[in-house]
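Here is how names work: the chains are called A, B, and so on, in the same order as the sequence lines, proteins then strands, and each is numbered from 1.
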Amino acid sequence: MLTTIGNISDHVGESVRLGAWLYNKRSSGKIQFLQLRDGTGFIQGVLVKSKVSPDIWEAASDLTQESSLYAEGTVRADERAPSGYELDITSLEVIQKAEEYPISLKEHGVEFLMDHRHLWIRSPRQRAVLRIRAEITRAIQDWLDKENFTLVDPPVLTPSSCEGTTNLFHTKYFDEDAYLTQSGQLYMEAAAMALGRVYSFGPTFRAEKSKTRRHLIEFWMIEPEMAFVDHEENLRIQENMLSHVVQHVLKECGPELKTLGRDTAPLENVKAPFPRITYDEAVELLNREGMEFQWGEDFGAPHETKIAETFDRPVFITHYPTDIKAFYMKPDPSRPEVVLCADLIAPEGYGEIIGGSQRIDDPALLEERFIQHRLDRKDYEWYMDLRKYGTVPHSGFGLGLERTVAWIAGLDHVRETIPFPRMLNRLYP
RNA sequence: UCCUCCGUAGCUCAAUGGUAGAGCGCCCGGCUGUUAACCGGUAGGUUGCAGGUUCGAGUCCUGCCGGAGGAGCCA
């Protein structure tokens, strides 16, 4: 029966058996300190030469970084240990003496680490990030389940573009052309008409030559879609969900945030309601701050950062010009030149983490948009059906998981937020 | 696709146009409380590739390949 390091505090004074890898080792001739990790945490194992058999002493001396082993010993609370506990090792069973491990405890370059991503994820920092990612996912799903959303899985292989703008990954579907999904939204609209409140959670693909700290080729989105929900309620759902997520991570991931050196003070502020400014107000704000910006343009990364700096929590930018937004967004009835949409900009320069809108429910207007956007009508026949057979006001949004993780964890690049990032020029490992 | 920067030992980096080096890691030795431990020693190189300038190129020039940061596009 194995004990895990994560539960070690329940076993003080007891003899336990761990399955572990050797993370690092220090020795002083007659005493050895083995830094052990088992995925749940790290603990220092102590061997004193005069107190263990020569076999065990020799086995420990011979261990290399990342060697796998079973260790038995007595758990002891110790103030000198970073985790607060140590293991006085009484028995050691080496599973494998590892070959020379490429990743040392010193600094490495990005390319080298990315080439060894399959090993890099063993490091304390990467473990912490992946733990936080999992807790963010859990918090989102807990909140949506509690609010009576139903999980619905849209297809990954699609016959055509969902939005028709960006580059898609092309593949063959027997004799037909097919594309990897860049958004499940249109399918989620169909699902919302069947189940009321739904959400999807899955990978999406963008064949764009984007090369920044905020972009991945393959990334995960959470896309809720809600029948009978208007623009205003859409925003309330978003801010309540995100507040829950941030507070959940603060509560559950203290050690991980500490490992990452994340300043948690800015996260404490992230509670609903979030500030809202209209696109018009954002343009004024930018001009007031001395940035050149014309009404009708889309914001770039520097603009988003400037706007975000003005607030102490995420900020909604609403009512963008109709011409620069997707075809399915509903125009503001009092101002048709803008749409009922909102992008949520994260603080600290992490950029847009949510894009959402109320959708067009009027079949005649949707028909118009197909023509304006030069979309092939027959590809969207099923989507039009949603407006022909009992159309209702409905809204939805998409949250980018990796950008959200990067922000909450305080990382400087989204490539560390996913186990095996797919980026421009990187498909390995 | 565009702009800027960078490719030297397994890794991180030095080296006025003039004998390719250090730290870490590996291996050997030392050390009873180490915290990226420390101390001593050994081994380790087609300086990304191809051309050019020069008496002489890691260093200067041209092209290519690879990478990083940013822009655009987006989440």
Side-chain angles (χ1 to χ4, degrees), chain A residues 23-35 42-52 57 61-62 64-66 76 78-83 86 88 98-116 119-120 123-125 163 165-168 182-185 203-223 238 297-305 324-326 342-346 349-356 397-407 412-415 417-418 423-426:
Chain A
Y23 171 65
N24 192 17
K25 182 176 68 174
R26 304 182 195 93
S27 64
S28 288
K30 296 199 173 81
I31 186 167
Q32 295 189 63
F33 302 99
L34 309 184
Q35 315 301 324
F42 293 76
I43 192 169
Q44 175 161 275
V46 183
L47 285 128
V48 176
K49 191 172 188 178
S50 59
K51 293 180 181 169
V52 298
W57 180 261
S61 301
D62 198 39
T64 54
Q65 190 183 1
E66 289 302 313
R76 175 169 44 75
D78 193 310
E79 285 180 1
R80 292 169 294 189
S83 71
E86 289 190 338
D88 289 322
E99 292 182 30
E100 186 179 345
Y101 192 62
I103 300 181
S104 73
L105 300 177
K106 294 278 183 175
E107 287 177 13
H108 293 288
V110 171
E111 186 182 10
F112 177 83
L113 288 169
M114 291 306 304
D115 283 342
H116 296 85
L119 302 176
W120 187 22
S123 72
R125 193 180 157 79
E163 298 182 19
T165 52
T166 47
N167 298 319
L168 302 183
Q182 65 166 355
S183 167
Q185 183 204 309
T204 52
F205 308 86
R206 305 276 168 94
E208 293 163 356
K209 305 272 187 185
S210 297
K211 190 178 181 311
T212 81
R213 66 183 64 192
R214 298 180 305 281
H215 286 88
L216 294 171
I217 301 300
E218 175 184 304
F219 65 98
W220 287 63
M221 279 209 294
I222 291 88
E223 295 186 281
Q238 292 171 41
E297 296 176 334
D298 206 351
F299 300 122
H303 304 118
E304 286 182 353
T305 301
I324 59 170
K325 284 295 185 179
D343 285 354
L344 185 69
I345 311 298
Y350 285 95
E352 181 185 348
I353 55 174
I354 292 180
F397 63 94
L399 178 144
L401 180 62
E402 286 75 17
R403 285 189 185 175
T404 303
V405 175
W407 162 50
D412 61 11
H413 201 298
V414 291
R415 65 185 161 223
T417 65
I418 188 167
M423 299 185 296
L424 200 58
N425 306 323
R426 173 154 313 269

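Spacing between B/C28 and B/A15 at atom P, rounded to whole Å, works out to 34 Å. Remark: the separation of the P atoms in B/U1 and B/C64 is 12 Å, to the nearest Å. Between B/G45 and B/A22, the two P atoms lie 14 Å apart (nearest whole Å). Spacing of C1' atoms, B/C61 relative to B/U54, comes out at 12 Å, to the nearest Å. Nucleotides B/G48 and B/C6 place their C1' atoms 12 Å apart, quoted to the nearest Å. Comparing the same atom, C1', in B/U19 and in B/G7 gives a spacing of 24 Å after rounding to whole Å. B/C39 and B/C26 are spaced 15 Å apart, taking the P atom of each and rounding to whole Å. Rounded to whole Å, the separation between the C1' atoms of B/G58 and B/G17 comes to 11 Å.
Residue contacts shown for A/R76 include a base, since a base heavy atom lies under 4.0 Å away. Contact annotation for A/I103: no contact, since no heavy-atom pair falls under 4.0 Å across all strands. Residue A/E402 is out of contact with every strand shown, counting any heavy-atom pair closer than 4.0 Å. Among the atoms of the strands shown, only primed sugar atoms or phosphate atoms (P, OP1, OP2) are found under 4.0 Å from some heavy atom of A/R415. At the heavy-atom level, A/F112 lies under 4.0 Å from the strands shown only through sugar-phosphate atoms. Residue contacts for A/S50: at a heavy-atom cut-off of 4.0 Å it reaches a base atom on one of the strands shown.
In this structure, A/D115 atom CG and B/A68 atom P are separated by 9 Å, rounded to whole Å. Between the C1' atom of B/G67 and the CE atom of A/M114 lies a distance of 12 Å, rounded to the nearest Å. Distance A/I324 CD1 to B/G72 P: 13 Å, rounded to the nearest Å. Counting to the nearest Å, the C1' atom of B/C11 and the CG atom of A/L105 are 12 Å from each other. For the pair A/H116 NE2 and B/U12 P, the computed distance is 10 Å after rounding to whole Å. We find that NZ of A/K25 is positioned 15 Å from C1' of B/C38, with the value rounded to whole Å. When the P atom of B/A36 is taken as reference, atom CD of A/Q44 falls 11 Å away, rounded to whole Å. Distance, A/M423 CE to B/A75 C1': 16 Å, rounded to whole Å.
Distances were taken from every side-chain heavy atom of A/A301 (C-beta onward) to each of B/C73, B/A75, B/A71; the shortest belongs to B/A71. For A/H108, the listed nucleotide lying nearest its side chain is B/C11; candidates were B/A75, B/G25, B/C11. In this structure, of B/C73, B/G69, B/U32, it is B/G69 that holds the atom nearest to the side chain of A/R213. Side-chain atoms of A/E111 lie closest to B/G66 of the nucleotides B/G66, B/A75, B/A68. With distances taken from any side-chain atom of A/K209 to the nucleotides B/C24, B/C74, B/U1, the minimum falls on B/U1. Side chain of A/E100, nearest nucleotide from B/C26, B/A75, B/U34: B/C26. Comparing B/A71, B/A75, B/C31 by their closest approach to the side chain of A/S27 singles out B/C31. The listed nucleotides are B/A75, B/C73, B/A68; the one nearest the side chain of A/E208 is B/C73. The nucleotide whose nearest atom lies closest to any side-chain atom of A/D298 is, among B/C74, B/G69, B/G72, B/C74. Nearest to the side-chain atoms of A/K211 among the listed nucleotides B/G69, B/G33, B/G72 stands B/G69.
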Show your reasoning for whether side-chain contact (heavy atoms from CB on, under 4.5 Å) applies to A/T64 and A/Y101. CA-CA 8 Å; A/T64 54; A/Y101 192 62; over 6 Å; no
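Nucleotides of RNA chain B nearest to A/P102 and A/G29 differ in position, and the one nearer the 5' end is that of A/P102. Along RNA chain B, the nucleotide nearest A/G109 and the nucleotide nearest A/D78 are compared for position; the residue whose nucleotide lies closer to the 5' end is A/G109.
Considering every non-hydrogen atom in both A/W57 and A/K30, the closest pair reads CH2-C, 3.3 Å. Contact between A/Q65 and A/A98 at its shortest, heavy atoms only, is O-CB, 3.5 Å. The shortest non-hydrogen separation linking A/F219 to A/L216 is CD2-O, 3.9 Å.
In this structure, A/I222 CD1 and A/L401 CG are separated by 5.0 Å, a value rounded to the nearest 0.5 Å. Remark: A/R80 CZ to A/E86 CD distance equals 6.0 Å, nearest 0.5 Å.
You cannot call A/F33 stacked on the base of B/G33; the centres under 5.5 Å and planes under 30° rule is not satisfied.
Using Watson-Crick or G-U wobble geometry with both donor-acceptor distances under 3.5 Å, B/U59 finds no partner in any strand shown. Under the Watson-Crick and G-U wobble criteria, each requiring two contacts below 3.5 Å, nucleotide B/A36 is left unpaired. When both pairing distances are held under 3.5 Å, B/A71 makes a Watson-Crick or G-U pair with B/U1. Shown here, B/U16 forms no base pair; nothing in the strands shown gives a Watson-Crick or G-U wobble contact with both key distances under 3.5 Å. Judged by Watson-Crick or G-U wobble contacts below 3.5 Å, the nucleotide B/G23 has B/C11 as its partner.
Not a single donor-acceptor contact under 3.5 angstrom links the side-chain atoms of A/R26 to the base of B/C31. Evaluation of atom-type donor-acceptor distances gives no pair under 3.5 Å for the side chain of A/Q32 against the base of B/U34. Side-chain N/O atoms of A/S210 and base N/O atoms of B/C73 include a donor-acceptor pair closer than 3.5 Å.
For the pairing with A/M423, the side-chain contact (heavy atoms from CB on, under 4.5 Å) check across A/R415, A/H215, A/K211 returns one residue only, A/R415. Checking each of A/E107, A/K106, A/H108 against A/S104 for a side-chain hydrogen bond (donor to acceptor under 3.5 Å, both in side chains) leaves exactly one that passes, namely A/H108.
Put simply, A/K106 has no side-chain N or O that comes within less than 4.0 Å of OP1 or OP2 on B/C24. OP1 or OP2 of B/A71 has at least one side-chain nitrogen or oxygen of A/R214 nearer than 4.0 Å. In this model, the phosphate group of B/A36 is not approached by any side-chain N or O of A/N24 to a distance below 4.0 Å at OP1 or OP2.
Side-chain atoms of A/R403 never come within 3.5 Å of backbone atoms of A/Y350 as a donor-acceptor pair (strictly under, hydrogens ignored).
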